[in-house]
Amino acid sequence: MTNTLYTQHLTTLLQRYHSALNQFELDAIIVAAGAPSYYFDDDNSHPFKPYANAQQWLPFDLPANSFIVIKRDKPELIWPVSEDFWHLNPAIPEGEWQQHWQITPTRDDSWCQALPTRQAIIGPVSVAGLSHHEALATWLNFDRAIKTPYEITCIKQASVKAAKGHNAAKQAFLAGASELEIHLAYLQATQQDATHTPYPNIVALNEHAAVLHYEQKQTERPIRPLTLLVDAGATHNGYASDITRTTATLNDDFYALVEDMEELQHTIAQRAVAGTDFIELHQQTLHGIAHLLLRHRICSLSMEEQLEKRVPHHFFPHGLGHLLGLQVHDVAGKQTTALGTTHPAPEEHPFLRMTRTLDEHMVLTIEPGLYFIPTLMDRMKAKVRGHGCDVRKINEFMPYGGIRVEDNIVVGVEGVRNLTEEAFREIQ
Ligand code: GLY
Ligand code: MN
Ligand code: MN
């Protein structure tokens, strides 16, 4: 990655923060990375993830207890120094980034004394004398949806790393590995542990693929491996990728359904250009699912009848996608203005995390799914009169669990850049 990309990124962030200084009549904004948090009644801490609005400023993983101070001059990085001999004291990374920063190593809160009176802090910690400012955080979150070229490059790097993991996971699966072994193959290939995976890996064999957030990892190898669904990402400078692939072992009806889902996902992803209403795109995906249910003789109703009876909703119960960045489910997906007005998910699509109209340089996931979830199949059979579904066929598909295909894309004016497809191509 070139230093120019980072320098441009810094310029954009400074513009955004300077406009926030004006908007809220402040002379300084302090962004706290946060402090380690602990399991209840325990001295073991959770893996540390810095507050995204702090991490956004620097091209390396920010340590706990660091702070960013933005005034109208050079940005300042407050770097924690301690005498703690139990833990490694993080060293200040070398690099060209340093020329843009005033770096203040500190053992205590004395750096606060030099702050102007009109200041506000955002982030997960309280510092004596500094005032928290929710509206300021909301204001800054809104612009985070639009990624700079530096941020897009970070997500791309995270995608390349994750693509290597997905290939390794698939190989392990085809060799008969257990969920845990596949998970370990993924971690090995991406060189990550729980501190760096952006969310707990979903490694689901067979019917476990129908559990949307399946996080267990069975140690037994499957007697009859049918399906592998891996939903797993990686991070680069704090930026996440979030990729799902579904692999089937047999050349059968389920395999044909996987192929058609891949095509549907590709078609929908191509439509995510600037100006698109994401709720409408979600609706189009439900049409696509209805088409697949008809084509694969899972449901005999016309697409219109299926949609009217909400049949596809039982097979695809989650949202089409979400903003992606420093957080996997990045902030402000439903925020319509910097001041904090929101567009809630419509009642008929309650799990949609993104309701904003797409803008150039937004990065988001496109992740349609089609699952045979026992509780939802039972609910449909019980509640949807004349559902038109072939129950025998559904029962045959049940041991395969389901399908999700998830790519990470950059919204453009003329077209869409698919970072995930690029990443898989590059590592071939
Ligand atoms: N990995 C969580 C999600 O796809 O949203
Ligand atoms: Mn996702
Ligand atoms: Mn995912």
Side-chain angles (χ1 to χ4, degrees), residues 47 49 52 144-145 147 155-156 158-167 169-170 179 182-183 186-187 190 192 194 196-205 208-217 227-236 238-247 258 261-262 264-266 268-269 272 278-279 281-282 285 316-334 345 349-356 358 362-371 373 401-411 416 418-421 423-424:
K49 298 234 185 215
R144 262 181 47 206
K147 270 42 183 197
I155 298 171
K156 170 68 187 285
S159 306
V160 169
K161 207 186 279 187
K164 290 178 187 164
H166 279 271
N167 281 352
K170 183 173 174 178
E179 288 170 348
I182 296 168
H183 169 64
Y186 183 94
L187 294 181
T190 56
Q192 302 184 105
H196 287 104
T197 55
Y199 54 92
N201 282 357
I202 295 169
V203 180
L205 288 175
H208 294 156
V211 181
L212 299 181
H213 282 174
Y214 176 78
E215 289 180 15
Q216 288 70 17
K217 275 102 190 166
T227 324
L228 170 69
L229 186 155
V230 176
D231 182 345
T235 46
H236 183 82
Y239 288 86
S241 54
D242 176 11
I243 299 173
T244 308
R245 288 291 179 267
T246 306
T247 308
V258 173
M261 275 299 289
E262 287 173 347
L264 173 64
Q265 192 271 352
H266 186 78
I268 295 292
F278 201 72
I279 301 173
L281 204 56
H282 178 81
T285 310
F316 172 42
H318 58 76
L320 172 61
H322 49 84
L323 291 169
L324 177 70
L326 288 159
Q327 289 162 244
V328 176
H329 299 150
D330 216 8
V331 284
K334 297 177 194 163
H349 310 304
F351 300 117
L352 201 50
R353 296 176 196 274
M354 171 75 180
T355 55
R356 268 168 91 160
L358 301 186
M362 281 182 173
V363 175
L364 60 147
T365 68
I366 299 290
E367 48 178 306
L370 197 165
Y371 313 87
I373 303 173
I403 307 164
R404 179 160 66 255
V405 186
E406 177 174 26
D407 284 354
N408 305 158
I409 58 122
V410 186
V411 175
V416 168
N418 189 318
L419 299 177
T420 311
E421 285 179 359
F424 276 104

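Ligands are counted one by one from 1 in listed order, and the atoms in each one are counted from 1 as well. Keep in mind the model is a prediction, meaning the values are calculated, not measured.
- Within the 3.5 Å criterion, the main-chain N or O of I366 finds a donor-acceptor partner in the side chain of Q265.
- Atoms CD1 and OG1, on I155 and T420 in that order, are 10.5 Å from each other to the nearest 0.5 Å.
- Between the side chains of H166 and R245, no donor-acceptor pair of N or O atoms lies under 3.5 Å.
- For K164, the NZ atom is loosely surrounded, since the number of other residues' heavy atoms within 6.0 Å does not exceed 12.
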Which N or O atoms of ligand 1 sit under 3.5 Å from a protein N or O, and how far apart is each pair?
residue, atom, partner, partner atom, Å
ligand 1, 1 (N), D231, OD1, 3.2
ligand 1, 1 (N), D231, OD2, 3.2
ligand 1, 1 (N), D242, OD1, 3.2
ligand 1, 4 (O), D231, OD2, 3.3
ligand 1, 4 (O), D242, OD1, 3.4
ligand 1, 4 (O), D242, OD2, 3.2
ligand 1, 4 (O), E367, OE1, 3.1
ligand 1, 4 (O), E367, OE2, 3.4
ligand 1, 4 (O), E406, OE1, 3.3
ligand 1, 4 (O), E406, OE2, 3.2
ligand 1, 5 (O), H322, NE2, 3.1
ligand 1, 5 (O), H329, NE2, 2.7

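- Below the 2.8 Å limit, the Mn ion (ligand 2) has as protein N, O or S neighbours D242 OD2, H322 NE2, E367 OE2, E406 OE2.
- Under a 3.5 Å cut-off, the side chain of K170 and the backbone N or O of L228 do not form any donor-acceptor pair.
- With hydrogens and angles left out, the side-chain atoms of H266 and E421 include a donor and acceptor closer than 3.5 Å.
- Side-chain atoms of H213 and Y199 form no donor-acceptor pair, as typed in the model, at a separation below 3.5 Å.
- For H318 and F316, the gap between ring centers is short of 6.0 Å.
- Considering all non-hydrogen atoms of both residues, Y186 and A234 come closest at OH-N, 4.4 Å.
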